[in-house]
A.B. asks: 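Dumping the structure here so I can ask a few things about it.
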Amino acid sequence: MNTSEMKFLKPEKLPQDWASRFAYGYGVQTGELVWISGQVSRNGAGDLVGKDDIHAQAVQVFENIKAVVEAASGTMADIVATTTYITDRPFREVVTKVRHDYFSGPDYPGNTLLIINGLGLPEYLVEIEAVAWVRR
């Protein structure tokens, strides 16, 4: 693939110094496909949202996903798959309810859910990556 066909997405709504410090883009767009890297509950200032609060963290994660897909000229309706990582089984119900606030039913994007021992930092309770198909 020619790298000139790739667009690295770093929406202004997300912390710019955070991505620079760890040398990654929030998403990569190649044509109609957008790969959104795992999003955690950091706001535009880089601050953690919802310490010890799975609902607040899930909302921020989905807001971050929304910002990335919009930077690719898409909407949440363009998300075709997600992978969700949570650190405790009881978080599943809360994250699922928040997910339903961001996607229209009855058909939701495919999702893989993993319950893991920990994420990049101990304060993260949920991380979600996504793939979007932004049709023009």
A.B. asks: Is it the case that one hydrophobic cluster holds both Tyr102 and Leu14, taking links as side-chain heavy atoms less than 4.5 Å apart, direct or via other members?
C.D. replies: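 Result: yes, single cluster for both.
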A.B. asks: State the CD1-OG1 distance between Ile128 and Thr84, to the nearest 0.5 angstrom.
C.D. replies: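 If I round to the nearest 0.5 Å, the distance is 4.0 Å.
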A.B. asks: Could you tell me how the ring of Phe62 sits relative to the ring of Phe103: parallel (under 30°), tilted (30 to 60°) or perpendicular (over 60°)?
C.D. replies: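 Perpendicular: the ring planes of Phe62 and Phe103 meet at over 60°.
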A.B. asks: How far apart are the C-alpha atoms of Arg42 and Asp47, what are their side-chain angles, what is the distance that settles it, and do they pass the salt bridge (Lys or Arg N to Asp or Glu O under 4.0 Å) test?
C.D. replies: CA-CA 5 Å; Arg42 295 271 173 194; Asp47 300 322; 5.8 Å; no
A.B. asks: Could you walk me through whether Asn43 and Gln60 satisfy the side-chain contact (heavy atoms from CB on, under 4.5 Å) test, starting with their C-alpha distance in whole Å, then the side-chain angles of each, then the deciding distance to 0.1 Å, before giving a yes or no?
C.D. replies: CA-CA 7 Å; Asn43 64 18; Gln60 185 63 52; 4.1 Å; yes
A.B. asks: Are Arg135 and Asp78 close enough that some pair of their side-chain heavy atoms sits under 4.5 Å apart?
C.D. replies: yes
A.B. asks: More than 12 heavy atoms of other residues, nucleotides or ligands under 6.0 Å from CZ of Arg99: yes or no?
C.D. replies: yes
A.B. asks: With side chains defined as the heavy atoms from C-beta onward, is the minimum distance between Val28 and Lys7 less than 4.5 Å?
C.D. replies: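 Heavy-atom side-chain distance check fails, nothing below 4.5 Å.
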A.B. asks: Cluster question for you: counting only ILVMFWY and a side-chain heavy-atom cut-off of under 4.5 Å, with indirect links fine, are Ile116 and Leu121 together?
C.D. replies: yes
A.B. asks: Quick check: closest heavy atoms across Ser41 and Leu48, and the distance to 0.1 Å?
C.D. replies: OG-CD1, 3.2 Å
A.B. asks: How close do Ser73 and Val134 get, heavy atom to heavy atom, and via which atoms?
C.D. replies: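 Closest heavy-atom pair between Ser73 and Val134: O-CG1, 3.6 Å.
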A.B. asks: Side-chain contact test, heavy atoms from C-beta onward, threshold under 4.5 Å: evaluate it for Arg92 versus Pro90 and give yes or no.
C.D. replies: no
A.B. asks: Determine, step by step, whether Gln57 and Asp53 satisfy the side chain to side chain donor-acceptor pair (under 3.5 Å) criterion, reporting the C-alpha distance in whole Å, the side-chain angles of both residues, the deciding distance to 0.1 Å, and the verdict.
C.D. replies: CA-CA 6 Å; Gln57 286 200 19; Asp53 182 343; over 6 Å; no
A.B. asks: Between Trp35 and Thr30, what is the shortest heavy-atom contact and its length?
C.D. replies: CZ3-OG1, 2.9 Å
A.B. asks: Hey, are the side chains of Val95 and Ile86 touching, using non-hydrogen atoms and a 4.5 Å cut-off?
C.D. replies: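 In short, these two side chains touch, coming nearer than 4.5 Å.
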A.B. asks: Answer whether the closest heavy-atom distance between the side chains of Asn111 and Thr83 falls below 4.5 Å.
C.D. replies: no
A.B. asks: Are Val40 and Leu119 packed together at the side-chain level, in the sense that at least one heavy-atom pair is separated by less than 4.5 angstrom?
C.D. replies: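 No, too far: nothing below the 4.5 Å cut-off.
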A.B. asks: Could you check if a side-chain atom of Trp133 sits within less than 4.5 angstrom of a side-chain atom of Ile79, using non-hydrogen atoms only?
C.D. replies: no
A.B. asks: Please give me the minimum heavy-atom distance between Ile65 and Ala130, naming the atom from each residue.
C.D. replies: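 Shortest heavy-atom separation between Ile65 and Ala130 comes out as CG2-CB, 4.4 Å.
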